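Accompanying notes for the structure given below.
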2 protein chains.
Amino acid sequence: MTQTDTKTRLLDAAESLFSQQGFANTSLRAITTAAKANLAAANYHFGSKEALLRAVLERRLLPLNQQRSDRIDQVLTEAATTGAIPGTEALVRAFIEPTFAFRRNSTGSSEFISIVGRAMTSADPVVRDLFLALVHPLINKLHLALCLALPHLPSKLIFTRIFFTMGAMGHCICFSGFAQMFKDNSDSNSEDDDFMTNNLISFVTAGLEAPC
Amino acid sequence: MTQTDTKTRLLDAAESLFSQQGFANTSLRAITTAAKANLAAANYHFGSKEALLRAVLERRLLPLNQQRSDRIDQVLTEAATTGAIPGTEALVRAFIEPTFAFRRNSTGSSEFISIVGRAMTSADPVVRDLFLALVHPLINKLHLALCLALPHLPSKLIFTRIFFTMGAMGHCICFSGFAQMFKDNSDSNSEDDDFMTNNLISFVTAGLEAPC
DNA sequence: AATCATTTAAAACGATCGTTTTAAATCTGT
DNA sequence: ACAGATTTAAAACGATCGTTTTAAATGATT
């Protein structure tokens with residue numbers, strides 16, 4: 001094993017290039033060159049380009065979803081012990097905050113997240129289905145939790161609003177090009193990131209709690 | 001001129017295939033075959049694949065944006081004559097309703113809209129920049145109008161929330177795959193479409209009006 | 001009838017793609 | 001030191017891509 005695993009370098013390079021150019025527009029040659037690895041190494045370790053994408057997604061999304069799932073459980077058990085119903089905003093925070101905290105962890109995480117933000121509505125069924133399969137159980141859990149938090153709203157309406165939530169979130173997560181439309185694109189520090197995150201949470205909470 | 005213009009048939013075929021497979025995954029050969037036209041006809045009429053995409057976007061997006069712009073103006077002048085401030089929900093409706101009404105007009109419109117829904121966050125700069133340039137003026141107009149409607153909120157916050165609005169909307173517009181996650185995918189009639197539209201409007205209005 | 005724009009046909013261009021193969025080299029664990 | 005897994009090198013595979021070219025055919029206009 002050299003300084004870093006070739007497998008890891010391939011995952012890092014693929015993650016970075018997929019996020020910058022998309023899956024279809026990124027060649028295995030570009031990935032292996034960026035990873036300072038041989039072209040054959042990609043197929044040796046992963047078998048195919050699609051399997052490489054799956055590995056890229058699973059490496060970070062499985063732990064992240066576990067974290068979000070745990071935080072939803074935490075809100076639910078706290079509510080259960082108090083005898084109260086879970087709070088909408090607490091559930092929204094459980095769903096959103098780990099994503100943005102995770103995003104700040106490293107450059108790789110940040111790039112990864114923009115793959116995810118796009119994967120949801122990707123026209124490419126390979127990308128979309130891979131993502132949906134990974135996220136499906138978590139969405140179901142959030143849906144059930146929000147049905148407890150908003151017992152006066154029909155289940156289908158809540159699901160639709162979760163749908164909007166994921167749209168706003170995904171959009172927020174890969175907003176290259178949109179920042180240019182706003183004048184003061186001077187500083188995009190973590191300060192702006194917190195601004196964005198908190199606004200997203202209040203926006204989405206208000207939307208979820210809107211009267212029927 | 002035959003039954004329908006070759007140029008029009010090329011636009012229709014490109015629109016349909018771009019929406020189903022994405023820009024990068026759709027070849028000019030697939031487009032010209034679907035349009036029952038010659039491969040050379042695509043470059044003859046449009047010059048390049050990118051120019052064909054631009055033509056596909058402009059054909060429908062320019063009239064649609066004009067319609068949305070007119071309706072925003074309408075809300076603003078009505079408010080001005082009354083002396084009142086414009087309503088948030090009226091502005092949201094002006095922005096959203098034409099899109100969904102337009103979507104119901106024809107199969108082509110529906111397919112077109114899902115190109116737009118994805119273009120916003122596309123990893124491909126060709127697709128993204130084309131779309132952003134076409135939408136930029138309308139977003140600025142909506143932003144100014146909402147600043148009048150919500151004078152107690154800072155301008156930057158409102159812009160961020162418009163950002164979330166476009167995310168929820170774009171997501172809502174090309175939700176292939178997401179419907180599968182909800183059990184009763186039996187009927188996706190225009191009834192469901194109205195349900196979706198009205199929920200989106202109330203969700204987004206509540207989010208925009210949320211306290212600061 | 002003549003001119004010009006349109007459309008078709010067929011082929012080729014250079015380029016890039018995912019994948020596979022063959023061989024040698026290097027590393028790792030026992 | 002040996003065996004097995006890893007990595008490199010280089011080349012080739014069939015396929016697809018956007019674009020261009022050449023030629024002939026068809027259309028519409030004057």
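On a predicted model such as this, the values are computed, not experimentally measured, just so you know. All chains are named by letter (A, B, ...) in the order of the sequence lines, taking the proteins before the strands, and each is independently numbered beginning at 1.
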Reading DNA chain D 5' to 3', how would its secondary structure be written in dot-bracket notation, given Watson-Crick and G-U pairs with both distances under 3.5 Å, brackets [ ] for crossing pairs and | for partners on other strands? |||||...||||.||||.||||...|||.|
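Using a 4.0 Å cut-off between charged side-chain N and carboxylate O, A/Arg118 and B/Asp124 make no salt bridge. A salt bridge does not link B/Arg54 to B/Asp129: none of the charged nitrogens lies less than 4.0 Å from a carboxylate oxygen.
When each of A/Asn38 and A/Arg29 is assigned the nucleotide of DNA chain D bearing its nearest heavy atom, the one mapping closer to the 5' terminus is A/Asn38. Heavy-atom nearest nucleotides on DNA chain C were determined for B/Lys36 and for A/Leu39, and the one closer to the 5' end corresponds to B/Lys36. Nearer to the 5' terminus of DNA chain D, by closest-nucleotide assignment, is the contact made by B/Lys49 (compared with the other of B/Ala40 and B/Lys49).
Using a 4.0 Å cut-off, no side-chain N or O of B/Tyr44 falls inside it from OP1 or OP2 of C/dT7. For A/Ser27, a side-chain nitrogen or oxygen approaches OP1 or OP2 of C/dC17 to under 4.0 Å. Listed pair B/Asn43 / D/dT19 meets the phosphate criterion, a side-chain N or O lying under 4.0 Å from OP1 or OP2. Between D/dA5 and A/His45, no contact under 4.0 Å exists linking OP1 or OP2 to a side-chain N or O.
For the pair A/Phe46 CZ and C/dG18 P, the computed distance is 15 Å after rounding to whole Å. In this entry the distance linking CG of B/Leu28 with C1' of C/dA15 reads 15 Å, nearest Å. The nearest whole Å value for the distance from the CD1 atom in B/Ile31 to the P atom in D/dT16 is 16 Å. Atom NZ in B/Lys7 sits about 18 Å away from atom C1' in C/dT8, given to the nearest Å. To the nearest angstrom, P of C/dA15 lies 19 Å from CG of A/Asn25.
In this structure, B/Phe203 and A/Phe203 have perpendicular ring planes: the angle between them is above 60°, well past the 30° mark.
Considering CG of B/Leu157 and CG of B/Leu146, their distance stands at 11.0 Å, rounded to 0.5 Å.
Considering only side-chain atoms of B/Ala37, the nucleotide from D/dT8, D/dT19, C/dT8 that sits closest is C/dT8.
Checking A/Asp70 against A/Gln66 by side-chain atom types alone, a donor-acceptor pair falls below 3.5 Å. Residues A/Glu209 and A/Thr205 have side chains that never bring a donor and an acceptor to within less than 3.5 angstrom of each other.
Distance alone, capped at 3.5 Å, is enough to place a donor-acceptor pair between the A/Thr26 side chain and the A/Gly22 backbone.
Nucleic acid contact class of A/Thr26 (heavy atoms, under 4.0 Å, all strands): sugar-phosphate only.
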